Amino acid sequence: MLIKSDQPVEKAVRSRAAAMVALEGVSVRYRLPIERVPTFKEFAIRWFQRRLSYRDLWALREVSFEVEPGEILGVVGPNGAGKSTLLKVIARVLHPSQGRVVTRGSIAPILELGGGFHPELTGRENVYLFGSLLGRTRSEMDAGFEEVVDFAELWDFIDAPLRTYSSGMQARLAFAVATAEFADVILVDEVLAVGDLRFQEKCLHRMNGYSDQGATILFVSHNPGTIERMCERALWLSNGTVKDLGSSDRVINAYTSALA
Amino acid sequence: MRDIALMYDSARRQSPFVEEFRSLLRYSELIRQLILRSIKTRYKRSILGIAWTMINPLLTMAVLTLVFSRLFQFPTRTYALHVLSGLLIWNFFAQTSLAAMGEMMWSGSLLGRIYVPKTAFAVGALGTGLVNLVLAVIPYLVISLLLGVIPPATLLLLPVPVLFTGLFTLGVGLALSSMVLYFQDIQPTYEILLAAWFYLTPVIYPVGLLPAGLAALLKWNPMFHYVELFRSTVLTGSLPGLASLTAQGLFGLAVFVLGWWIFTRRARDYAYQI
């Protein structure tokens with residue numbers, strides 16, 4: 001069954017090899033236990049009694065679309081529509097339960113940030129730790145270090161432990177590290193909501209700069225205005241399926257009137 | 001024009017066992033950073049800092065020597081070095097396998113957000129353990145000389161027991177890490193098991209102390225062989241035969257391969273567990 005459905009997918013992807021991101025019938029299934037089984041002891045007892053039961057939650061269902069080189073694609077949808085899951089499945093964090101994801105070039109995920117930081121280490125040490133978690137080499141990080149601190153505007157605190165930073169400062173540092181390198185595909189998930197307005201503008205400016213250099217961007221936002229401003233095309237996700245995909249004016253209009 | 005190595009295709013069927021090795025090589029800087037982080041943060045707020053790595057086993061040795069050298073009727077000098085050498089390699093095993101699990105839990109929130117080769121955390125724990133072991137061998141040698149015991153020439157072969165024990169430890173650490181995301185009680189259970197295992201291994205008592213029946217069972221305890229091998233290079237100089245040495249090396253390698261296989265087989269699903 002699975003093998004059969006793989007065949008036409010392969011052909012379709014090959015015929016349009018130019019796409020930077022291609023999803024073909026992608027579904028993501030979370031398997032949730034009906035009752036939480038947190039310990040091995042309980043798991044063993046229940047397995048023995050055959051009382052383990054699961055409920056399937058489909059975060060994405062049969063999602064297919066392609067993103068062309070240099071495009072900025074906006075993604076909208078209500079909470080729980082599968083927007084973050086969509087970015088995760090492209091960023092290779094989640095393996096699709098069904099279907100196929102193909103991406104080309106380097107990928108920079110700019111998802112919820114800060115999990116890679118350690119409170120006892122200094123800002124400088126955290127820049128290197130976080131950079132290495134994103135797969136960067138030491139020479140890349142050495143070369144980009146000054147620009148990271150410039151962008152985050154944290155020269156005065158860079159050798160202080162991270163626990164002394166405010167949450168806004170941490171977010172700025174994380175964003176500065178995550179966006180330090182040009183990437184062929186950039187995945188942005190709501191992170192622009194952090195920091196003050198001036199910093200948000202600075203972030204958008206940097207995104208636009210990478211776009212001018214040819215980066216392909218997937219942009220998740222709750223703010224329809226930002227999407228209309230930045231993207232030519234928009235994707236509307238609803239309950240894990242593609243409700244609409246087309247010019248951002250039209251999709252955003254349909255989306256906002258559906259909300260009203 | 002695009003770098004084909006950077007192409008990702010979720011449908012490409014590759015052995016996760018091999019793919020993880022390749023991925024880990026590209027993330028070698030991450031392993032270095034994880035080791036640095038563990039060493040820097042472990043003692044960041046203490047005055048003695050990294051010296052604790054060396055002081056800790058020395059204090060344990062002093063206490064044990066005071067208490068037990070009488071009891072076991074062992075010459076004090078030899079007993080002190082017997083205990084200290086045993087503790088060094090045992091602590092390396094116990095701390096590294098526990099740290100591998102701890103790192104995996106720390107990384108939990110990250111695994112749901114960014115792609116990282118997940119074996120990096122256990123390999124980083126092994127690296128940290130190796131650094132700590134090297135730092136602790138130095139005061140051991142000083143103590144040995146102070147007690148008038150000149151380390152045997154076999155000291156040059158020290159990398160051999162460290163390599164064998166390291167492979168075994170990484171295998172155990174990987175197997176445990178693969179379970180810890182699913183079940184929270186693995187870590188406390190393993191800690192209890194480790195305490196029992198410690199007393200079943202001749203670390204603080206000499207092998208000769210055991211009754212013959214129990215001593216015969218010791219050969220089934222892998223840590224017994226690794227502790228003895230380490231001790232023979234730094235203290236006694238009486239290496240086991242080549243056949244036994246080969247067997248110990250192959251066993252370490254087999255446990256590593258098994259642990260790597262168990263871990264990578266399901267690695268793709270870990271992000272779903274967070």
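Each chain gets a letter, A, B and so on, in the order the sequences are listed, and its residues count up from 1. In this text the structure is predicted, and so the values were computed from the model without any measurement.
Shortest non-hydrogen contact noted between G99(A) and S10(B) is O-OG, 4.1 Å. The heavy-atom pair separating M7(B) from V102(A) by the smallest distance is CE-CG1, 3.5 Å.
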Check against side-chain contact (heavy atoms from CB on, under 4.5 Å), L30(B) and L133(A): CA-CA 6 Å; L30(B) 173 61; L133(A) 279 163; 3.6 Å; yes
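Heavy atoms of I107(A) lying under 4.5 Å from chain B are absent altogether. Interface remark: V26(A) contributes no atoms to any contact with chain B (heavy atom separation under 4.5 Å).
Enclosure of atom CD in E191(B) by more than 12 non-hydrogen atoms of other residues, nucleotides or ligands within 6.0 angstrom is indicated. When the shell of 6.0 Å around CD of Q213(A) is examined, it contains more than 12 heavy atoms from other residues, nucleotides or ligands.
Between H118(A) and K40(B), every side-chain heavy-atom pair lies at or beyond the 4.5 Å cut-off. In this structure, Y8(B) and I90(A) have side chains that are not in contact, with every pair of non-hydrogen atoms separated by 4.5 Å or more. In this structure the side chain of M141(A) reaches within 4.5 angstrom of the side chain of E29(B), judged on heavy atoms. When side chains are defined from C-beta on, V93(A) does not count as touching R113(B), because their heavy atoms never get closer than 4.5 Å.
Listed by chain and residue number, I262(B), F263(B), Y270(B) satisfy the side chain to side chain contact (heavy atoms under 4.5 Å, CB included) test with S178(B) (two or more places apart in sequence, or in another chain). Not a single salt bridge (charged side-chain N to carboxylate O under 4.0 Å, His left out) links R265(B) to another residue, sequence neighbours left out.
In terms of heavy-atom pairs under 4.5 Å with chain B, the best-connected choice from L94(A), V101(A), V89(A) is V101(A).
Although no hydrogens or angles enter the test, the distance criterion places no donor-acceptor pair under 3.5 Å between the side chain of Y272(B) and the main chain of R29(A).
Rounded to the nearest 0.5 angstrom, D9(B) CG and R92(A) CZ are separated by 11.0 Å. With rounding to the nearest 0.5 angstrom, the CZ atom of F130(A) is 13.0 Å from the CD atom of Q33(B).
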